[in-house]
Amino acid sequence: MLVSLLALSLCLLGYPTAALVTARVAYGIERTRVIELEHDWHADEDPVERFRQQGRSATALTAFLYGMAWPVVVPAYFFYRCAALVIMERPPLAPCERAARAERLDARIRELEDSLGLRGRALDENGPRP
């Protein structure tokens, strides 16, 4: 009986606490996003003041909905972040990227050879470059 009462009180306190924390974090993320967009769209106005006048209630509502759905939102967000790290970490280079990288490396090698005075001697010992 005591264990079930403790579990019930933990659930009754835990869900709203997690919902408020999730809503607060979501509000901060959305607020930053909206202010940055406002700065890009309306460069002549103060983006923070414009957010206070127009974007605050919509952002609060979005954060509230995220907070109420935290059992879905929090795991989905963490899954998204992990998936984004895996997917975008090191994509294969496109042919133009490989060619540009090879040109940069060749230029750097030539620069180092010239600075060390090895340019002519390296070609004699190793043969011409392909």
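No experiment lies behind these values; they were computed from the predicted model shown.
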Between CZ of F51 and CZ of R33, what distance do you get to the nearest 0.5 Å? 10.0 Å

Measuring from atom CZ of R101 to atom CD of E97, what distance do you get when rounded to the nearest 0.5 angstrom? 10.5 Å

Kindly indicate, with the supporting measurements, whether the criterion side-chain contact (heavy atoms from CB on, under 4.5 Å) is fulfilled by R31 and V48. CA-CA 9 Å; R31 180 181 182 275; V48 176; 4.0 Å; yes

Can you measure from OG1 (T17) to CH2 (W70) and round to the nearest 0.5 angstrom? 9.5 Å

Here the gap from T22 atom OG1 to M68 atom CE, rounded to the nearest 0.5 Å, amounts to 11.0 Å

OH on Y27 to CG on L61, rounded to 0.5 Å: 12.0 Å

Nearest heavy-atom pair of G55 and T59: which atoms, and what distance? O-OG1, 2.7 Å

Which heavy-atom pair separates L112 from S115 by the least distance, and what is that distance? O-OG, 2.9 Å

Is E49 salt-bridged to R52, going by a charged N under 4.0 Å from an acidic O? yes

First locate atom CG of L37, then atom CZ of R50, and finally report the distance between them rounded to the nearest 0.5 Å. 12.0 Å

Report yes or no: do L20 and V73 belong to one cluster of Ile/Leu/Val/Met/Phe/Trp/Tyr joined by side chain heavy-atom distances under 4.5 Å? no

Closest non-hydrogen atom pair between E38 and P47, with its separation: CB-CB, 4.0 Å

side-chain contact (heavy atoms from CB on, under 4.5 Å) between Y66 and R24, worked out: CA-CA 9 Å; Y66 284 157; R24 180 68 182 147; over 6 Å; no

